Amino acid sequence: MELIGEITAGRPLLVLAVKEEAQHLDTDLPVLLTGMGKVNAATALATVLARGPRPSGIVNLGTAGALRTGWTGTHVVGTVIQHDLDGELLASLTGETYGAPLTLPDGGDVVLATGDAFISDDVARERLAARAALVDMEGYALASAAGLAGVPLRIVKHVSDEAGEGAARSWRESVAECARALADWAAANTPYRS
């Protein structure tokens with residue numbers, strides 16, 4: 001976890017997983033680098049929100065794999081799900097619902113599947129494509145932590161790969177271009193400069 005800048009009550013916090021995704025940000029806004037995966041994302045965000053002050057909102061910028069052919073570009077997520085939590089089984093065991101889909105304000109109809117596995121095989125991609133258009137490793141955890149803290153969150157993802165064979169290589173080759181697109185989105189859609 002690395003917090004760059006100072007969180008203030010009147011301004012948003014930009015949250016990204018890794019420095020490679022943040023490499024083109026040149027902003028006065030605070031930036032939180034959480035590390036990859038749901039645990040790192042949730043604990044990093046919960047830690048800074050608990051310390052206070054709380055930001056006016058949170059914008060998660062990051063890369064995502066496309067689960068459906070033809071998906072490219074930058075997308076604002078409307079719903080986030082966990083693809084690696086068997087909520088139905090847990091409900092049958094306990095009678096409680098765990099990991100229900102989360103709907104985000106100001107999001108569209110894009111569904112993002114979050115899990116701790118980097119999806120890089122065609123079988124997993126096809127299975128997930130029935131439920132979501134994009135896949136990442138942090139979105140659901142950030143939405144959960146922000147929701148519990150009562151801080152609004154937007155999730156903005158730029159497609160880095162097709163979440164199938166060769167996805168890891170594609171991510172490494174495209175992350176700089178993705179970072180540029182995410183920085184451009186942030187400059188156009190947030191109070192990027194004071």
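Because the structure is a prediction, the values reported are computed rather than measured.
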Item to check | Any pair counted as salt bridge (charged side-chain N to carboxylate O under 4.0 Å, His left out), so long as it reaches residues 185-194, sequence neighbours left out | outcome: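 Of all non-adjacent pairs touching residues 185-194, those that pass salt bridge (charged side-chain N to carboxylate O under 4.0 Å, His left out) are D26-R193, D28-R193.
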
Next on the checklist: Please list all pairs meeting salt bridge (charged side-chain N to carboxylate O under 4.0 Å, His left out) that have one or both residues in residues 44-68, counting only residues at least two apart or in different chains.
Outcome noted: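 Found none.
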
In the structure I gave you, are the side-chain heavy atoms of [X] and [Y] within less than 4.5 Å of one another anywhere?
X: L49; Y: P55; value: yes
X: H83; Y: I119; value: yes
X: I7; Y: L32; value: no
X: R125; Y: T69; value: yes

Item to check | Side-chain donor/acceptor of D116 to backbone N/O of K38, under 3.5 Å | outcome: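 Yes: the side chain of D116 pairs with the backbone of K38.
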
Next on the checklist: V175 and side chain to side chain contact (heavy atoms under 4.5 Å, CB included): which single residue from R180, E21, H158 fits?
Outcome noted: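 Going through R180, E21, H158 one by one, the side chain to side chain contact (heavy atoms under 4.5 Å, CB included) with V175 is satisfied by E21 alone.
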
Quick one: do [X] and [Y] end up in the same hydrophobic cluster if we chain Ile, Leu, Val, Met, Phe, Trp and Tyr together by side-chain heavy atoms under 4.5 Å apart?
X: M137; Y: I155; answer: no
X: V110; Y: Y140; answer: yes
X: L102; Y: V111; answer: no
X: V135; Y: V80; answer: no
X: L112; Y: I81; answer: no

For residues [X] and [Y], report the shortest heavy-atom separation together with the two atoms involved.
X: S174; Y: S160; result: OG-O, 2.8 Å
X: G99; Y: Q82; result: CA-NE2, 3.5 Å
X: A146; Y: L153; result: CB-CB, 4.0 Å
X: A181; Y: T74; result: CB-OG1, 4.1 Å
X: P30; Y: G5; result: CB-C, 4.3 Å
X: G150; Y: P152; result: O-CD, 3.9 Å

When rounded to the nearest 0.5 angstrom, what distance separates [atom1] in [X] from [atom2] in [Y]?
X: D161; Y: R172; atom1: CG; atom2: CZ; answer: 11.0 Å
X: I58; Y: L13; atom1: CD1; atom2: CG; answer: 6.0 Å
X: L142; Y: R154; atom1: CG; atom2: CZ; answer: 15.0 Å

Next on the checklist: Holding to side chain to side chain donor-acceptor pair (under 3.5 Å), I want the full list of residues that pass it with T34, two or more places apart in sequence or in another chain.
Outcome noted: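 Checked T34 against side chain to side chain donor-acceptor pair (under 3.5 Å); zero matches.
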
Checklist entry - Going through the distances and angles, do E2 and K19 end up as a side chain to side chain contact (heavy atoms under 4.5 Å, CB included)? => result CA-CA 9 Å; E2 180 182 1; K19 66 183 181 310; over 6 Å; no

Item to check | Partners meeting side-chain contact (heavy atoms from CB on, under 4.5 Å) with V159 (sequence neighbours left out) | outcome: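 For V159, the residues satisfying side-chain contact (heavy atoms from CB on, under 4.5 Å) (neighbours in sequence not counted) are A66, H75, L134.
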
Checklist entry - side chain to side chain contact (heavy atoms under 4.5 Å, CB included) between E20 and T63: does it pass, once the steps are laid out? => result CA-CA 10 Å; E20 290 85 355; T63 56; over 6 Å; no

Item to check | Other cluster members, V31 - Ile/Leu/Val/Met/Phe/Trp/Tyr, side-chain contacts below 4.5 Å | outcome: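 Once heavy-atom contacts under 4.5 Å are chained together, V31 belongs with I4, L14, L16, L25, L29, L33, V59, L61, V76, V156, L182, W185, Y192.
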
Donor-acceptor contacts under 3.5 Å from residues 40-47 side chains, at least two apart:
unit_1: N40; atom_1: ND2; unit_2: M36; atom_2: O; d: 2.7
unit_1: T43; atom_1: OG1; unit_2: V39; atom_2: O; d: 2.8
unit_1: T43; atom_1: OG1; unit_2: N40; atom_2: O; d: 3.4
unit_1: T47; atom_1: OG1; unit_2: T43; atom_2: O; d: 2.6

